[in-house]
Protein chains: 2
Amino acid sequence: MGKSHDIRRQEIVEATLDLAAEQGLKKLTTQAIAERVGIAQPTIFRHFKSRDAIFGAVIGWVAENIFRVLEQLESEQLAADQRLRRLLQRQLAFAGRRRGIPRLLFSDRLHVESPELKAAVREIYQRIIARIAALLQEGRTQGCFRSDLDPEQTALFIGALMQGTILRWSMMDFGFELEDEAEALWTFLWPTLRP
Amino acid sequence: MGKSHDIRRQEIVEATLDLAAEQGLKKLTTQAIAERVGIAQPTIFRHFKSRDAIFGAVIGWVAENIFRVLEQLESEQLAADQRLRRLLQRQLAFAGRRRGIPRLLFSDRLHVESPELKAAVREIYQRIIARIAALLQEGRTQGCFRSDLDPEQTALFIGALMQGTILRWSMMDFGFELEDEAEALWTFLWPTLRP
DNA sequence: CTTAAAAGCAATTAACCAATTGCTTTTTCG
DNA sequence: CGAAAAAGCAATTGGTTAATTGCTTTTAAG
């Protein structure tokens with residue numbers, strides 16, 4: 001046996017994310033992934049049923065990390081506005097470390113071809129939006145946000161701001177530090193939220 | 001001869017945009033485009049040198065329309081804030097009428113594979129941002145925006161808001177009217193801009 | 001009406017790619 | 001140790017696709 005099943009699966013997932021960042025989805029072939037991992041192309045299929053199953057595992061791994069960020073936030077004893085600020089900082093920091101994320105998750109291939117993968121990506125998106133909306137709601141009653149704020153609508157736009165910023169970062173070939181945008185984003189955002 | 005060169009080219013461009021919306025980029029083959037237009041697959045290559053040349057023409061067509069919206073705005077005698085508001089309305093309205101736009105322009109394929117197509121998409125993006133920044137600058141001196149506004153930085157975030165909203169619309173299978181988001185977007189945006 | 005150019009198509013090609021098969025090697029565990 | 005199970009690979013398969021070729025039909029200009 002080579003390496004254990006779980007380790008190989010994780011290697012394949014990471015190789016896939018890295019290759020997505022470097023070469024885009026067209027060249028993201030099982031051959032390319034296998035070469036990056038250092039195994040033969042058919043060996044990929046000892047660990048994943050199909051190519052889509054690899055993508056599914058990648059999305060699952062990304063989801064796990066994003067949700068972990070959201071959960072860590074729950075346990076912090078801070079006012080709602082400071083927790084929202086941290087949420088933005090940390091999600092951008094996580095995305096900034098994994099360039100493959102926008103290339104894969106914003107790809108039309110997942111959205112149109114595979115209903116399961118589309119659903120998985122949507123769930124990530126909707127859980128982030130729901131968390132932001134909950135923070136806005138909480139902060140509104142605490143008095144740290146405007147009282148006439150629509151939490152749902154505002155959460156959608158904050159999500160759009162994050163996604164749009166990540167998309168620009170990807171479009172500009174990752175030519176700036178995504179993490180550094182968090183502070184500027186908050187400066188832009190705060191006047192709309194404050195009481 | 002069938003139809004004239006220019007008419008066929010335009011038919012191919014529109015078929016490509018429509019198919020991008022319906023089926024995504026993977027199934028956007030020369031065969032599929034030809035079927036939609038009603039010609040044989042090799043005939044495509046009488047009108048375009050390569051598949052990428054088709055994409056280039058599509059992007060060119062989109063750019064033309066977007067720039068026309070920007071130019072029309074120049075001639076309107078309105079305060080800067082109202083012109084910015086109209087810019088958002090009209091760009092979202094245009095995108096809302098052409099579902100293929102996000103599928104094609106946000107695709108990684110253009111960004112990674114073809115340097116020319118990537119440059120073309122970036123130019124569209126940067127001209128919109130530059131226009132927004134100019135409007136913000138103008139409005140700041142006119143007194144209809146905050147005086148401590150950073151026009152460049154703010155323009156980037158307004159662009160991110162638009163792109164993020166269009167991305168959500170695409171991700172949700174165009175399940176809401178994009179044009180209707182413009183008003184809510186402005187409501188969200190105004191508190192950050194007003195003096 | 002004539003003819004050259006443009007537009008069209010059927011058939012083919014070369015390249016690419018996900019997935020399968022059949023066999024060998026390595027690891028795990030009783 | 002020894003055998004079952006897991007992991008590995010070379011070779012191949014079947015399907016897909018952009019682009020070419022060679023030929024025919026249609027259009028437009030003189």
Side-chain angles (χ1 to χ4, degrees), chain A residues 1-20 22-59 103-104 107-110 112-117, chain B residues 1-20 22-59 103-104 107-110 112-117:
Chain A
M1 234 188 329
K3 303 195 181 178
S4 87
H5 193 59
D6 289 344
I7 291 178
R8 270 284 187 252
R9 279 179 68 96
Q10 187 57 28
E11 283 179 356
I12 290 169
V13 164
E14 298 198 357
T16 302
L17 253 186
D18 289 348
L19 285 169
E22 293 166 21
Q23 306 182 333
L25 283 207
K26 175 89 177 283
K27 291 183 182 172
L28 194 49
T29 63
T30 54
Q31 179 65 47
I33 298 169
E35 272 170 23
R36 175 64 59 105
V37 174
I39 56 180
Q41 179 257 344
T43 306
I44 293 279
F45 293 92
R46 293 283 182 202
H47 302 285
F48 289 97
K49 197 176 96 268
S50 67
R51 188 165 168 265
D52 270 1
I54 302 175
F55 291 156
V58 173
I59 294 171
R103 293 274 156 89
L104 248 178
S107 159
D108 69 293
R109 195 165 282 185
L110 303 187
V112 185
E113 276 174 53
S114 163
E116 296 91 9
L117 296 181
Chain B
M1 237 188 327
K3 302 194 182 178
S4 87
H5 192 60
D6 289 344
I7 291 178
R8 271 283 187 253
R9 279 179 66 97
Q10 186 57 28
E11 283 179 357
I12 290 170
V13 163
E14 297 198 358
T16 302
L17 252 186
D18 289 347
L19 284 170
E22 294 167 21
Q23 308 181 334
L25 282 206
K26 176 88 177 286
K27 291 183 182 171
L28 194 48
T29 63
T30 54
Q31 179 64 49
I33 297 169
E35 273 170 22
R36 174 64 59 107
V37 174
I39 57 180
Q41 180 258 345
T43 305
I44 294 278
F45 293 93
R46 292 281 182 206
H47 303 283
F48 288 97
K49 196 175 96 266
S50 67
R51 188 165 169 265
D52 270 3
I54 301 175
F55 291 157
V58 173
I59 293 171
R103 292 275 155 90
L104 248 177
S107 158
D108 69 291
R109 195 164 282 185
L110 302 186
V112 185
E113 276 174 53
S114 163
E116 295 91 10
L117 297 180

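Chain identifiers are assigned alphabetically (A, B, ...) following the order of the sequence lines, protein sequences preceding nucleic acid strands; residue numbering begins at 1 within each chain. Hydrogens, waters and symmetry mates are skipped; everything else that's a heavy atom, side chains included, is used. Just so it is clear, the model here is predicted, and its values are computed rather than measured.
- Between B:Thr30 and D:dT17 there is no side-chain polar atom (N or O) within less than 4.0 angstrom of OP1 or OP2.
- Between B:Lys27 atom NZ and D:dA18 atom C1' the separation is 19 Å, expressed in whole Å.
- Between B:His5 and the phosphate of C:dA7, there is a side-chain N or O to OP1/OP2 separation shorter than 4.0 Å.
- Across B:Glu22, B:Glu14, B:Glu11, a single residue satisfies salt bridge (charged side-chain N to carboxylate O under 4.0 Å, His left out) together with B:Arg36, and that is B:Glu22.
- Of all nucleotides listed (C:dG8, D:dT20, D:dA7), D:dA7 comes nearest to the side chain of A:His47.
- For the atom pair CD1 (B:Ile54) and CD1 (B:Ile33), the distance works out to 4.5 Å, reported to the nearest 0.5 Å.
- Between the CG atom of A:Leu28 and the P atom of C:dC16 there is a distance of 17 Å, given to the nearest Å.
- Between A:Arg8 atom CZ and C:dT27 atom P the separation is 11 Å, expressed in whole Å.
- Across all strands shown, A:Ile44 has no heavy atoms under 4.0 Å from either base or sugar-phosphate atoms.
- The CD atom of A:Glu35 sits 12 Å away from the P atom of D:dC9 (whole-angstrom rounding).
- Closest to the side chain of A:Pro42, from the set D:dA18, C:dA10, D:dA11, is D:dA11.
- With D:dA19, D:dA11, D:dG8 as the candidates, the nucleotide lying closest to the side chain of A:Ile39 is D:dG8.
- We find that CD of B:Glu113 is positioned 12 Å from P of D:dA18, with the value rounded to whole Å.
- Atom CZ of B:Arg9 and atom P of C:dG8 are 13 Å apart (whole Å).
- Side-chain contact check for B:Glu116 and B:Ser114: at least one donor-acceptor pair (N or O, by modelled atom type) lies under 3.5 Å.
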* To do: Could you give me the CA-CA distance, side-chain angles and deciding distance for B:Phe48 and B:Thr30, then say whether side chain to side chain contact (heavy atoms under 4.5 Å, CB included) is met?
  => CA-CA 11 Å; B:Phe48 288 97; B:Thr30 54; over 6 Å; no
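- As a whole-Å value, the separation of A:Phe45 CZ from D:dA11 P is 19 Å.
- With DNA chain C read from its 5' end, the first of the two nearest nucleotides for A:Lys49 and A:Lys26 is the one closest to A:Lys26.
- B:Arg46 has no side-chain polar atom (N or O) that falls below the 4.0 Å cut-off from OP1 or OP2 of C:dG8.
- Applying the 4.0 Å criterion to OP1 and OP2 of C:dA7, one finds that B:Thr43 has every side-chain N and O outside that range.
- For A:Gln31 and C:dA18, a side-chain-to-base donor-acceptor distance below 3.5 Å is absent, hydrogens and geometry of angles not being considered.
- Nearer the 5' end of DNA chain D, as judged by each residue's closest nucleotide, is the contact made by A:Gly38, out of A:Gly38 and B:Gln41.
- A pairwise comparison of heavy atoms in B:His47 and B:Arg9 identifies O-NH1, 2.9 Å as the closest pair.
- What separates CZ of A:Phe55 from P of C:dC17 is a distance of 12 Å, to the nearest Å.
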